[in-house]
Amino acid sequence: MIQQPDGGSHVQPDAGTYVRIGVVLSTVTMIEVAAFYMPFLRLVLVPLLLGLAAIKFSLVAMYYMHLKFDPRLLAALFAGGLLVAGSLTIALVALFRNL
Amino acid sequence: MWAFLGSDCLFFGSLVATYLVYYGRSKQGPTPHEIFNIPFTSVSTFVLLMSSLAIVLALANLQRGSRRGLAWLGVTVFLGTWFVAGQGYEFSSFVSEGLTIPGSLFGSTFYVLTGFHGAHVTIGLLWLMGLIGKGLKTGATPEFAYNVEYMSLYWHFVDVVWIVIFTVVYLIGAAP
Amino acid sequence: TGLWGWLTTVDHKRIGILYGATAFVYLLIGGFEALLLRIQLFQPNSTFLGADAFNQLFTMHGTTMIFLFVMPLSAAFFNFCVPLMIGARDVAFPRLNAFSYWTFLSGGLLLHASFLFGGAPSVGWFAYANLTSKTHSPGPGVDFWLLALQVLGVASLAAAFNFIVTIVNLRAPGMTLMRMPTFAWMTLVTSFLLVAAFPVITVGLILLMFDRFFGANFYNVAANGDPVLWQHLFWIFGHPEVYILVLPAMGIVSEVLPSFSRKPLFGRPFVIYSGMAIGFLGFGVWAHHMFAVGLGPVADAVFGITTMLIAVPTGVTIFNWLGTLWGGHLNLKTPLYFAVGFIGMFIIGGLSGVMHASPPADLQQTDTYFIVAHFHYVLFGGALMGLFAGVYYWYPKVTGRLLDDRLGQLNFWLLFIGQNLTFFPMHFSGLLGMPRRVYTYGPELQVTSYNQVSTIGAFILGVGMLVFLHNAIVSLRRGEVAGSDPWDAATLEWAIPSPPPAYNFLTLPVVTSSRPLWDQKYPMAAEDGPGGGHGNGQPGQVLAHTPAVTLTREEAHAAPRGQGAGGAVVPPADPHPHPLPAGEGTASSPLPVGEGRGEGPPRSQEEGAHAVPSDGHAHHIHMPSPSFWPPVTAVGILVIASGLLAGYPLAALGAVILLAGIFGWAFEPPA
């Protein structure tokens, strides 16, 4: 039962924006796949792919999931979970690679 | 719902962490590089991304009171089903190529991680179909639009998790 | 009313009672398991129990006490008290609340069914891999365990989401987060811990399930899997879990001490911040359970440091509690005894805990009874004593009658003496080398007398529990009638009758301080202090007061979207709530309400406001109607889990029931 802030003061992205974001998402995906096949990108591939994934993640979260326009608390809930999850992942991998 | 999604981050986070911890440690069985069909999975990725677009368009329509939103929900279900079917096909072809859950560490981690993602998508599909049924009865009321918005958060989350899986498991995993 | 009424209830108060009663049944079961263990350990080389029986019993004792006693009893208090404390009519999702209870019950039944169907799990409550593999534990016990825990996880997660949303959204107007009672704060922190920790153990359990059911390799050394992964996943959950166990009790103590010292909680904001800090830091210490696994010096050092850091906010809280007692006008009743007992025993447990935080010291202590001593001091002396303080404190609110205080004091002393007799000697037997989780010991270890004292102490504990049971049952009929505010307390739940009417508050209060009832009763004594001052500085006007129009928040609006809101209008059983000593003149509602609000009210809907006739009858308060879909859904989960054990067709049937339950729930008309 999430209460949206009252009054329509936030700007709702229109359908066109959503489609444009969809195009961006598709393009980024195609870039990722293309990069996968390019041998000269081997060294930077991992950071590149992770960065591109982060871009897609943010676009979906901020626009499709409307987080950019929502009360901070909701973003905090999600970001909190993400932060703990990310930290745990890093910690676990670090612990295991150390063995 | 956001609290639930925060929690689900930890669920998938632990599965991804397990996958990463065990990456490269399989003693036998096909490796990611050998078995992944990146073009095929890329299409699946694209389909799922487009389903997020579809549901967002559904919501925009419903919030304006337009019943066309229900049609877009149907498109979402179609695309989502296409994704799941693609996953199913992928899994069965991997199994026939020798990647099984008991067969290797990679098999275990891969199927469990992507399988649970697929299960999340499937639950989403059932939810969507239920919503469509409800929407056909009630029409594009604000309350219905709210229900769809709520569900769409879940749907986008599942898409976002796939973005992570596709990148980490498929692309990075299969890079030689 | 009647059995069907209890089965379909969505009223948070009834659900709280269900949780509490069930928790006490499991307390007795877990306690009985412990007594059997203690009989076995009374003498060296005893043959009272064989090794496997012993292993099953300590596994079940731990699992039962943690998941089926402490957590549900905390949930009972969350359920009953938090909506009342924050001035709400119910939780945000009443049917989900009912579902949580029925799912919890399913999990408990499933776990104990293992005794009947091939043996309980015998691998310890933490079930280390690869003892839990199919090879080493071929029986069904581990399967029961891992499925029951997943079911219980669903229940806990659902409840946690419910409480987060309730606390965030349903506070009364004027109740900012910092004005919210400390117990409600601890509920919020605990809920966040639940929401973050349970998914991790769910994954660990799923991996184990796949290993056992489908031959996966997660913990299979032969395939290069690693059993230590289980330990990590388990303790990433397990450590926050112990804070989940103790924070609610700390919240209770934070309510009881002010009430019985007749002073506000000393340094309340710091207690709240410390609670948050404990919750947050709790995620960074898990590997202190693994110091003997060989993680390496860097990991050991890091986790040792973070573990010692947690002592800081804990210490802050304890000093604030002492500051509350200091200079207070003490009302020496049973709840205070338990609360003070908590402080003492928790300190002892905390001291041994700090000792374990040092990896080198822990290498001697781990897997010995020294650890058993530590966690029983914090869990029994801490969590259980705190929860019992809550029981004695809130029993009058729940039932309308006070528990007998003399019996209560007897109860307290029996538990206090009993627990010290039982657990203190374990510090010594542990350091002398008596290992945990072993069914017997030799006389040459020279721990026999310690064990004998422990066993005697355990039986004293049993007697104490029986005294409590007697008190609880007898006081239901013959206890002194409590009235709405027997302890002269400060928070909102004491402003309404005991037991509360179904709709809780006749008119929802507007709050301008952290001690709304106290300031209402003693306006002359009200002064600006910690926790917020008054809305407008006039003594006696702490709660804004407009006699003519009172605002009601229709539950149908507060819980929209087909949550089954509305339904039968509930005529109050006692139409005239107990008047307050300060003699509130006009409205017959217990608290004057009005349109004025303190700064920054949380989102509340005033839509649907309409005048309630001031004769006090709740004509227009719609409460959510009962529903049988939550128990149906819970049964679906139980049948799926049983089917995974008994045969897949049964699981399929369970899935059908589950889906039917979910769709029935979703399509239930908002009556």
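What you are looking at is a predicted structure, and each value in this text was computed from that prediction instead of being measured.
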Under 4.5 Å from a heavy atom of chain B, the part of [X] involved:
X: C:I206; result: side chain
X: C:L157; result: side chain
X: C:I662; result: neither
X: C:A197; result: neither

Tell me if the aromatic rings of [X] and [Y] count as close, with their centers under 6.0 Å from one another.
X: C:F303; Y: C:H289; result: no
X: C:F280; Y: C:F192; result: no
X: C:Y128; Y: C:F126; result: yes
X: C:H239; Y: C:Y243; result: yes

Which residue out of [options] racks up the most heavy-atom pairs below 4.5 Å with chain C?
options: B:S14, B:G130, B:C9, B:A17; answer: B:S14
options: B:Y22, B:Y111, B:F4, B:F144; answer: B:Y22
options: B:L126, B:T18, B:V21; answer: B:T18

B:S52: what forms a side-chain hydrogen bond (donor to acceptor under 3.5 Å, both in side chains) with it, not counting sequence neighbours? B:H156, B:D159

What pairs with B:T81 under side-chain hydrogen bond (donor to acceptor under 3.5 Å, both in side chains), at least two apart in sequence or on another chain?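 Listed in chain order: nothing, the list is empty.
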
Greatest number of non-hydrogen atom pairs under 4.5 angstrom with chain B, of C:L233, C:I164, C:L194, C:L229, falls to C:L229

Students often mix this up, so state it plainly: with edges at 30° and 60°, are the rings of B:H117 and B:F83 parallel, tilted or perpendicular?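 Perpendicular: the ring planes of B:H117 and B:F83 meet at over 60°.
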
Verdict with supporting geometry, C:F218 and C:W230, ring pair (Phe, Tyr, Trp, His ring centres under 6.0 Å): CA-CA 9 Å; C:F218 293 104; C:W230 164 267; over 10 Å; no

ring-ring contact (aromatic ring centres under 6.0 Å, His included), paired with C:W665, selected from C:F99, C:W629, C:F93: C:F99

Report, in residue-number order, which members of residues 87-110 of chain B are under 4.5 Å from chain C by heavy-atom distance. B:I101, B:P102, B:G103, B:S104, B:L105, B:S108, B:T109

Residues 190-215 of chain C vs side chain to side chain donor-acceptor pair (under 3.5 Å), sequence neighbours excluded, gives C:D143-C:R212

